[in-house]
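Each chain gets a letter, A, B and so on, in the order the sequences are listed, and its residues count up from 1. Every value quoted in this text rests on a predicted model; they were computed, and no experiment measured them.
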Amino acid sequence: MASGVKPRVKVPKKAAAGDVITIKSLISHKMESGQRKDKEGNLIPRSIINRFTVEFNGQSVLDMTMEPAISTNPYVQFEATVPEAGDFVFTWYDDDGSVYDTTKSVAIG
Amino acid sequence: MEFSRRDTLALGLGAAVVTVLPFSVNAAADDVIATFTGGADMGDAGIDLTAPEIAENGNTVPVEVSAPGASAILLVATGNPTPGVAQFNFGPMAGSQSASTRIRLAGTQDVVAIAKLADGSFAKASSTVKVTIGGCGG
């Protein structure tokens, strides 16, 4: 597992039913592209997050495939519909097989 | 100056090589796009790509794509060593078919976004970004 990986997500705590809300997500990850070389001139092996998914109450909001061209600490902003109260589940998949996830609840009101 | 048959042939060959070269640079990008579209024709309506005209630092270039009703959007950096950037697949709970993220660009190049629209057709938008410092390291 890459060290120091910490997901951060910004979701409004409350929304009116049927509202479209903006979600900002960021995960600290070095996203080593596999193109860089170290001091000895050896290629640093690729180590990135290759997939990011968001679900709301089990239904997909966004499924994103990431390539090495995504910047360090991948940041994604998108919009989601909230028909009812529930949980957003955010999942990041690392090249090395690690999976990072975090959950945020939204209330109606 | 007179051209012999041999000179003329050589000139023609040289010209052919010169015209083919720019395409071979983008061949990898074209492959990525062809895999996504299956070789289908692309329109230019229905997709928006927002990218800066000049990026000082190629390591983090903010880009935004938006294609109302699209099921998927592919983002390609034609001048990168690996041209694929990201593919967004929108689910039923998506509030809008738009997303923004930050990408790496190796140098000044065209960034291309292709959306798979609701009716199954594809739309393409591209934007040239000038990069002062490339973002792919040594």
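Nearest approach of Thr101(B) to Tyr75(A), heavy atoms of both residues: OG1-O, 2.6 Å. Summarising the geometry of Pro68(A) relative to Arg104(B), their closest heavy-atom pair is O-NH1, 2.9 Å, with the distance given to 0.1 Å. Nearest heavy-atom pair across Thr81(A) and Gly95(B) is OG1-CA, 3.3 Å. When every heavy atom of Val85(B) is checked against every heavy atom of Ile70(A), the shortest pair comes out as O-CG1, 3.6 Å. The two residues Gly84(B) and Ala69(A) make their nearest non-hydrogen contact at O-CB, 3.9 Å.
Atom CG of Leu74(B) is separated from atom CD of Glu67(A) by 8.5 Å, given to the nearest 0.5 angstrom.
Gln77(A) places none of its side-chain heavy atoms less than 4.5 Å from the side chain of Ser98(B).
Surrounding CD of Glu56(B) are at most 12 heavy atoms belonging to other residues, nucleotides or ligands under 6.0 Å away. The environment of Asp44(B) atom CG is sparse: at most 12 non-hydrogen atoms of other residues, nucleotides or ligands sit within 6.0 angstrom. Around atom CG of Asp41(B), no more than 12 heavy atoms belonging to other residues, nucleotides or ligands sit under 6.0 Å away.
Of the two parts of Val20(A), only the side chain, counted from C-beta on, holds a non-hydrogen atom closer than 4.5 Å to a non-hydrogen atom of chain B. When heavy atoms are compared at a cutoff of 4.5 Å, Thr72(A) approaches chain B by way of both its backbone and its side chain.
For the set Ser71(A), Gly34(A), Gly41(A), Ser25(A), the entry with the most heavy-atom pairs within less than 4.5 Å of chain B is Ser71(A). For the options Glu55(A), Met66(A), Met31(A), heavy-atom pairs under 4.5 Å to chain B are most numerous at Met31(A).
Of the possible donor and acceptor atoms, none in the side chain of Thr65(A) sits under 3.5 Å from a partner among the backbone N and O of Ala86(B).
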Derivation and outcome, side-chain contact (heavy atoms from CB on, under 4.5 Å), residues Thr82(B) and Gln35(A)
CA-CA 9 Å; Thr82(B) 44; Gln35(A) 302 282 342; 4.3 Å; yes
